[in-house]
Amino acid sequence: MRTLQKEYPIHWLEEIINKILDKNLSEITLATGKTPSGHIHMGILRELIICDSIRRKLEENRKKINFFLFIDSLDAAKRFPEYIDKTFTKKYLGKPFSKIPCPVDETGYNSYADYFGTELISTFKQFGIKADVIWTHELYQDIIMKDKIRISLNNTDKIKEIFRKNILPTLDEKNRKLFIDTQKNWFPAMVICEKCGKMQKIDENGSIKPNRVLSYDKNKDTVSFSCTSCGNSGEITINKGELKLNWRVDWPAKWAIFKTTCEPAGKDHSVKGGSYDTGLEICKIIFNYDGPIKLSYEWLRLGDQDMKTSKGIIFTPKKYLKIADPEILRMLFLRTPPNKHISFRLEELYQLYDYYEKMENVYYDIEHANSETEEKFLKYIYPLCQTSRISTKKPLRLPFKYLTTIVQLKTILKIEGIYEKAKKILRYKGFDENLPFNDFETQLNRAQKWINEIKDILKNEKNESIKRKILNKVTIFEVPDNVSENIKNNLSLTQKLGIKLLKMFLISNKDLSDEVIQNKIFDIAKNELKIKPQKLFKTIYLIIIGKEFGPRLGPFLLMLDKDWLINRLSIE
RNA sequence: GGGCUUGUGGCGCAGUCAGGUAGCGCAACGGGCUUUUAACCCGCAGGUCGGGGGUUCAACUCCCCUCAAGCCCGCCA
């Protein structure tokens with residue numbers, strides 16, 4: 001019996017929001033973080049968009065919200081992506097990203113971290129994300145962080161114990177010994193060498209030797225260290241700001257400083273024995289703060305591959321924006337439960353736009369969802385997908401399919417013609433507003449970029465069956481510059497006559513409507529040529545786009561440049 | 001060696017937390033719209049819910065085992 005049904009939240013976000021509200025805080029802090037080790041791929045947007053949505057929801061509840069993005073600019077470079085000049089590797093490996101120069105010849109960037117961090121941040125406005133950025137290298141100059149370093153050093157033994165408790169059970173025999181061994185002389189902080197600027201040494205085999213703190217003198221407020229890279233050794237005061245906490249301690253220190261209420265974490269962090277768990281315990285025991293609510297999420301994959309900054313499998317938010325609307329990505333992240341991985345496939349953009357259209361229609365009560373649950377769900381996420389103010393009426397939007405079709409015909413169409421057609425489509429769909437030409441052009445350009453991208457993918461894909469799969473999902477074609485000889489030679493006299501009659505009709509009549517042209521073609525075929533209309537349609541398609549079928553001819557011919565069309569129809 | 005997550009028609013997903021023998025959208029197919037649409041409308045088909053076992057009157061749903069994919073588990077992030 002279902003009489004005593006429990007109320008289940010309409011959306012998974014509500015679960016996390018309820019947990020936050022249960023804490024009854026006057027001020028709520030959301031946090032996300034990313035190391036700027038190269039182009040930051042769009043996977044990071046999953047946590048940013050989730051947090052941003054939580055932010056919006058809580059603001060509806062009139063809560064005071066902070067939302068931070070930590071750019072971990074003080075992290076040391078463990079390796080560089082392929083696209084970074086090889087000379088960088090020798091020179092800067094082991095240095096913090098904030099102390100490595102901008103890798104490209106562009107002015108206005110202070111560092112490697114600045115360059116890649118800014119690339120990400122600059123897309124926030126378009127994605128509708130409102131987050132404050134905190135650069136870790138700056139944070140480490142702050143007295144409050146230095147204090148956390150002191151606390152950590154003072155509690156080294158307790159920290160070690162927490163690690164032992166959490167990590168040891170997950171290790172096998174061999175690693176267990178290794179772990180116990182490294183713990184013997186271990187402090188939870190590293191030093192940036194004043195001489196060579198490095199914080200760690202990375203061996204050929206990838207293993208890392210950090211400039212670990214060797215001893216801590218509480219009274220003098222100094223630590224001693226020995227640089228694994230240049231051999232320099234000595235003492236340094238904590239006040240100098242050249243120390244960095246170990247990741248597993250650094251994270252909870254930030255939580256404690258900013259009183260983080262909730263922070264999402266990629267699945268790599270949120271596994272048992274991982275840094276989130278040990279972080280929570282350190283946060284509580286060492287820093288005396290309860291720590292954030294954990295929200296783990298799966299990764300965004302590019303096709304069937306994980307996006308790896310280091311392997312060059314990247315798709316940046318910036319690149320995404322050139323191809324598709326930001327609302328679509330927000331939707332993708334918001335509709336998918338966080339524990340499911342998402343395979344982002346460009347060739348499936350049609351489907352995403354379809355879903356969006358449906359969601360939008362449901363939101364504006366133009367159509368209904370299949371169930372009440374779905375209706376509520378869609379109405380819940382729609383506002384969260386928006387990147388600017390939500391309009392009271394359904395916004396102007398050209399069908400994605402129309403855009404991608406028309407853009408492939410752009411070479412033979414007059415832009416004004418397409419524009420008029422676009423406006424007509426919008427009127428037909430019930431909009432009475434005007435479509436600004438600039439908006440139209442932007443959308444057209446996006447579609448063009450998408451087509452180019454798909455073509456690139458097809459070009460690089462060797463596997464025929466995968467190729468076919470992609471082609472199954474998209475409609476890619478090309479308009480030939482000229483009518484091929486093959487097509488010309490195969491035209492019968494009747495077909496040629498039909499073309500000629502159409503041409504004459506177009507020349508001698510002005511201001512034709514699509515309806516009239518459509519009917520005229522039919523008329524020519526049926527009454528003048530005495531052939532099946534299909535045959536004439538086929539002929540016209542062949543001549544214009546080199547294929548046997550195409551868009552409804554009346555409106556299509558109207559969109560073409562008239563002189564071009566008449567010239568094209570001049571088949572001898 | 002240990003652990004976590006995911007696996008539902010060709011594709012993308014819902015349904016799993018409250019057990020009652022599967023839904024949706026694309027694609028495909030057929031038809032209509034005096035074309036054969038990359039507009040639209042109507043219709044049809046397609047799944048032993050990764051596999052095996054158990055609990056139950058009843059399992060996609062709970063339990064156990066197993067396979068596949070991905071991730072984490074010294075340092076580092």
Side-chain angles (χ1 to χ4, degrees), chain A residues 1-2 4-6 8 33-35 37 72 75-79 94 163 166-183 186 190 199-200 202 206-210 212 246-248 250-251 266-277 296-299 301 304 306 335-343 345 347-348 350-352 354-355 357-358 369-371 373-374 377 399 401-402 404-406 408-409 425 428 469 472-477 518-519 521-523 525-526 532-538 540-541 545 547-556:
Chain A
M1 284 288 116
R2 297 186 166 201
L4 287 171
Q5 279 189 10
K6 191 184 159 199
Y8 279 91
K34 184 69 191 156
T35 305
S37 52
D72 288 322
D75 288 359
K78 290 186 288 181
R79 66 182 88 86
F163 284 171
N166 284 282
I167 296 169
L168 269 183
T170 69
L171 298 176
D172 55 17
E173 200 62 23
K174 200 180 109 202
N175 283 318
R176 203 171 290 186
K177 275 193 183 123
L178 250 165
F179 178 74
I180 291 168
D181 235 37
T182 42
Q183 267 218 344
W186 186 91
M190 302 167 265
M199 191 154 66
Q200 49 189 229
I202 288 90
S207 76
I208 296 158
K209 291 191 179 112
R212 186 151 322 283
N246 263 67
W247 163 245
R248 285 178 111 109
D250 164 286
W251 208 9
K267 62 168 168 181
D268 46 342
H269 292 312
S270 44
V271 181
K272 207 171 185 176
S275 46
Y276 214 113
D277 284 353
S296 48
Y297 68 94
E298 258 281 354
W299 290 350
R301 315 185 76 204
D304 294 314
D306 282 338
R335 79 170 193 190
T336 316
N339 61 343
K340 294 231 184 191
H341 84 246
I342 298 173
S343 289
R345 293 191 175 85
E347 67 271 21
E348 282 165 9
Y350 281 136
Q351 297 197 26
L352 294 177
D354 278 347
Y355 189 94
E357 169 90 18
K358 186 180 173 184
N370 296 309
S371 68
T373 323
E374 195 189 359
F377 183 87
K401 245 181 186 166
Y402 162 76
T404 54
T405 302
I406 222 67
Q408 293 182 80
L409 295 167
I425 283 182
Y428 176 75
K469 253 182 162 177
N472 228 343
K473 292 177 182 172
V474 297
T475 312
I476 298 272
F477 58 91
Q518 184 80 15
N519 288 336
I521 297 168
F522 193 83
D523 182 54
K526 225 176 171 182
K532 274 189 151 188
Q534 291 102 300
K535 215 165 179 192
L536 183 56
F537 276 104
K538 211 183 250 183
I540 299 168
Y541 284 124
I545 56 176
K547 296 179 96 174
E548 292 191 345
F549 53 89
R552 196 178 173 84
L553 268 183
F556 179 49

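Below, chains carry the letters A, B, ... as their sequence lines are ordered, and counting in each starts from 1. Atoms considered below: every heavy atom in the structure, side chains included; atoms not considered: hydrogens, waters and symmetry mates.
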What does A:Glu348 touch in the nucleic acid at a heavy-atom separation under 4.0 angstrom: a base, only the sugar-phosphate, or nothing?
-> sugar-phosphate
In Watson-Crick or G-U wobble terms, with both distances under 3.5 Å, the base opposite B:G23 is B:C13
Looking only at heavy atoms, which two atoms of A:Gln200 and A:Pro210 are closest? And how far apart?
-> CB-CA, 3.6 Å
Among the candidates B:C73, B:C72, B:U5, find the nucleotide nearest to the side-chain atoms of A:Val271.
-> B:C72
Is it the case that A:Trp247 and A:Ser275 place a side-chain donor and acceptor less than 3.5 Å from each other?
-> yes
Between A:Ala77 and A:Ile202, what is the shortest heavy-atom contact and its length?
-> O-CD1, 3.5 Å
So, is A:Arg301 close to the B:G70 phosphate, meaning a side-chain N or O under 4.0 Å from OP1 or OP2?
-> no
Is the closest basic N to carboxylate O distance between A:Glu374 and A:Lys358 below 4.0 Å?
-> yes
When the P atoms of B:C29 and B:C63 are considered, how many whole Å apart are they?
-> 43 Å
Provide the distance between the two C1' atoms, one in B:G74 and one in B:A18, to the nearest whole Å.
-> 44 Å
Pairwise P distance for B:C17 and B:G12, with rounding to whole Å = 25 Å
Rounded distance in Å between the C1' positions of B:U16 and B:U6 = 13 Å
Is any side-chain nitrogen or oxygen of A:Lys401 closer than 4.0 Å to OP1 or OP2 of B:A27?
-> yes
Heavy atoms under 4.0 Å, any strand shown: does A:Leu171 hit a base, just sugar-phosphate, or nothing?
-> base
Across the strands shown, which category fits A:Tyr355 at heavy-atom distances under 4.0 angstrom: base, sugar-phosphate, nothing?
-> nothing
Looking for any heavy atom pair under 4.0 Å, which part of the strands does A:Pro338 touch: base, sugar-phosphate only, or nothing?
-> nothing
B:C26 phosphate, OP1 or OP2, under 4.0 Å from A:Lys358 side-chain N/O = no
Does a side-chain N or O from A:Arg248 land closer than 4.0 Å to OP1 or OP2 of B:C76, or not?
-> no
Just checking A:Thr35: base, sugar-phosphate only, or nothing, at a heavy-atom cut-off of under 4.0 Å?
-> sugar-phosphate
Check: A:Asp172 side chain, A:Asn175 main-chain N or O, donor-acceptor pair, under 3.5 Å | yes
OP1 or OP2 of B:U34 under 4.0 Å from side-chain N/O of A:Asn519 | no
Which part of the nucleic acid, if any, lies within reach of A:Arg212 when heavy atoms closer than 4.0 Å are counted: base, sugar-phosphate only, or nothing?
-> sugar-phosphate
